[in-house]
Protein chains: 2
Amino acid sequence: MKKYIPILRRTKLFAGVGEGEISAMLGCLQAKQDSYKKGEYVFRQGEYLNNITVLVEGSLHIQRDDYWGNRSIINVIGIGEMFGEAYAAPDSGALLNDVVAVEDSTVIFFDVKRILTVCSSACKFHSIVVQNLFFAMSEKNRKLVQKLGHMSKRSTREKLISYLSEEAKRQNSGTITIPFNRQQLADFLSVDRSAMSNELCKMRDEGLLMFEKNKFTLL
Amino acid sequence: MKKYIPILRRTKLFAGVGEGEISAMLGCLQAKQDSYKKGEYVFRQGEYLNNITVLVEGSLHIQRDDYWGNRSIINVIGIGEMFGEAYAAPDSGALLNDVVAVEDSTVIFFDVKRILTVCSSACKFHSIVVQNLFFAMSEKNRKLVQKLGHMSKRSTREKLISYLSEEAKRQNSGTITIPFNRQQLADFLSVDRSAMSNELCKMRDEGLLMFEKNKFTLL
DNA sequence: ACAATTCGGTTGTTTTTACAACAGAAAGGA
DNA sequence: TCCTTTCTGTTGTAAAAACAACCGAATTGT
């Protein structure tokens with residue numbers, strides 16, 4: 001697990017905490033590590049969690065397949081991001097989504113009780129982590145609201161514009177790379193893939209944007 | 001502000017804290033109170049917040065109007081619920097939504113820094129509140145994901161079923177009262193009001209449900 | 001009680017989407 | 001390299017939603 005300490009150091013959860021302290025906290029927080037091959041499930045819908053999990057290698061999708069097989073991608077988890085935190089509280093009930101590795105991935109689990117209960121021992125930085133946890137959850141929250149913003153748009157075109165322009169803002173560039181192929185983007189925006197593909201090409205023909213694979217340029 | 005202490009006591013934020021302690025914390029957390037008439041704005045899009053706010057009287061909508069006047073209702077805040085917490089962190093940026101009173105309302109503001117920074121003085125219950133804050137944010141998070149679940153449905157009918165059946169589950173009854181009129185429900189689910197009204201009547205004629213005003217019975 | 005406004009339902013038209021089926025290109029594996 | 005699979009774009013059709021316009025009922029304010 002030692003090898004991932006430099007990565008943990010750069011996460012929101014451990015912002016402001018040194019590598020030495022993180023190393024010490026790994027024990028205090030009962031950290032456990034696990035790896036998953038592309039396509040494997042980290043968590044499944046219906047499971048009960050009691051840990052906060054941080055991705056240190058690879059990439060994950062938080063998604064949900066409904067009864068008819070329609071997939072909805074809720075969120076993408078990149079390296080350094082945490083997940084599962086919303087289901088780690090005592091009365092939060094079962095997980096409503098699947099968490100699946102979209103490439104070979106490694107995660108580290110932290111016991112949530114141990115994070116929230118400030119220990120009396122050496123971990124001075126514990127309270128920083130609690131604050132960080134709050135900030136990270138705030139951010140996740142805002143991200144979800146932004147996604148609601150995209151999905152509240154009535155047409156596929158508007159959804160695309162809403163998503164791509166926000167992504168351009170976030171990546172601070174007119175040319176962006178998205179973490180989706182076409183099917184995944186459609187599942188993320190909850191639209192039909194072929195209709196979306198069609199709309200994208202129309203937008204390209206109208207000179208609104210250019211794209212090649214998952215690289216888009218807004219004009 | 002004293003008169004609202006019994007209400008605060010029943011909130012998620014102050015769960016497990018006695019009235020005496022709450023009373024003491026009001027000062028410690030620099031609580032401030034304000035009231036709004038129906039239709040008035042508590043916060044506006046673009047504002048910067050640094051407090052967590054709890055509704056103690058009335059009802060609020062978290063909503064957003066886009067460029068063309070399409071309204072999207074993100075969330076409903078009932079008595080005892082908190083809001084604004086996702087925008088109270090230092091780097092969270094400006095508020096993306098409006099918060100508007102849908103009836104005469106009263107709120108109490110708490111300075112977020114003071115909540116997160118455990119004071120050395122008498123407030124023993126401070127750390128409980130920090131935990132509560134985490135749990136409350138978790139819950140809000142799950143609520144947003146549930147809303148994404150409704151909005152990810154492709155048809156108006158599916159959106160309605162998704163929303164109403166979740167609400168029936170939450171209210172633990174086949175007969176539920178929703179906090180929306182037709183226009184608001186449409187804005188909440190991001191569909192056209194007349195089309196939705198039409199669909200509701202079709203569903204009623206098919207024997208799927210019954211309704212009268214904002215009271216629905218699922219069959 | 002009356003006038004004005006809001007609310008909910010209805011209908012017809014236009015636009016958009018979902019769905020299905022297919023084909024060429026690209027990627028991946030043996 | 002060849003074969004297989006995945007990915008993306010294209011087209012046509014059927015279904016659904018948005019939009020607009022309207023009406024009667026209910027509600028609100030004076």
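Below, chains carry the letters A, B, ... as their sequence lines are ordered, and counting in each starts from 1.
Counting to the nearest Å, the P atom of C:dG8 and the CE atom of B:M203 are 17 Å from each other. Put simply, CG on A:N70 is 13 Å from C1' on C:dT17, counting in whole angstrom units. Atom-to-atom, CD of B:E212 to P of D:dT27 comes out at 10 Å; the value is rounded to the nearest Å. As a whole-Å value, the separation of A:N214 CG from C:dA26 P is 15 Å. Look at CG on A:D187: it is 12 Å from P on C:dA18, rounded to the nearest Å. Residue B:N181 contributes atom CG, which lies 11 Å from atom P of C:dG9 at whole-angstrom precision. We find that CD of A:E103 is positioned 17 Å from P of C:dA27, with the value rounded to whole Å. In this structure, CZ of B:F180 is placed 17 Å from C1' of C:dG8, rounded to the nearest angstrom.
A centroid separation of less than 6.0 Å is found between the aromatic rings of B:F14 and B:F110.
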Original post:
How far apart are the C-alpha atoms of B:I52 and B:L133, what are their side-chain angles, what is the distance that settles it, and do they pass the side-chain contact (heavy atoms from CB on, under 4.5 Å) test?
Top reply: CA-CA 10 Å; B:I52 288 171; B:L133 180 58; 3.6 Å; yes

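The end-to-end axis angle of the helix from C:dA1-D:dT30 to C:dA30-D:dT1, rounded to 10 degrees and based on five pairs per end, is 60°.
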Restricting to nitrogen or oxygen on both sides, can you table the protein-nucleotides 9-18 of chain D pairs closer than 3.5 Å?
{"unit_1": "D:dG9", "atom_1": "OP2", "unit_2": "A:R182", "atom_2": "NE", "d": "2.9"}
{"unit_1": "D:dG9", "atom_1": "OP2", "unit_2": "A:S197", "atom_2": "OG", "d": "2.9"}
{"unit_1": "D:dG9", "atom_1": "N7", "unit_2": "A:R193", "atom_2": "NH1", "d": "3.1"}
{"unit_1": "D:dG9", "atom_1": "O6", "unit_2": "A:R193", "atom_2": "NH2", "d": "3.0"}
{"unit_1": "D:dA17", "atom_1": "OP1", "unit_2": "B:T156", "atom_2": "N", "d": "2.4"}
{"unit_1": "D:dA17", "atom_1": "OP1", "unit_2": "B:T156", "atom_2": "OG1", "d": "3.2"}
{"unit_1": "D:dA18", "atom_1": "OP2", "unit_2": "B:D192", "atom_2": "N", "d": "3.0"}

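Between B:K169 and B:E166, no side-chain nitrogen of the basic residue sits less than 4.0 Å from a carboxylate oxygen of the acidic one, so the salt-bridge criterion is not met. With respect to A:K2 and A:E19, no salt bridge is recorded, no charged nitrogen being found less than 4.0 Å from a carboxylate O.
Geometrically, B:K147 engages B:F188 in a cation-pi contact defined by less than 6.0 Å to the ring centre and at most 45° from the axis.
The salt bridge (Lys or Arg N to Asp or Glu O under 4.0 Å) with B:R71 is formed by just one residue from the set B:D66, B:D65, B:D98; it is B:D65.
Side-chain contact between B:L26 and B:I5: present, with at least one pair of heavy atoms (C-beta onward) separated by less than 4.5 Å.
OP1 or OP2 of C:dC7 has not a single side-chain nitrogen or oxygen of B:K213 nearer than 4.0 Å.
Without hydrogens or angle criteria, A:S105 side chain to A:S59 main chain gives a donor-acceptor distance under 3.5 Å.
Here B:F43 contributes atom CZ and B:Y87 contributes atom OH; the two are 12.0 Å apart, rounded to the nearest 0.5 Å.
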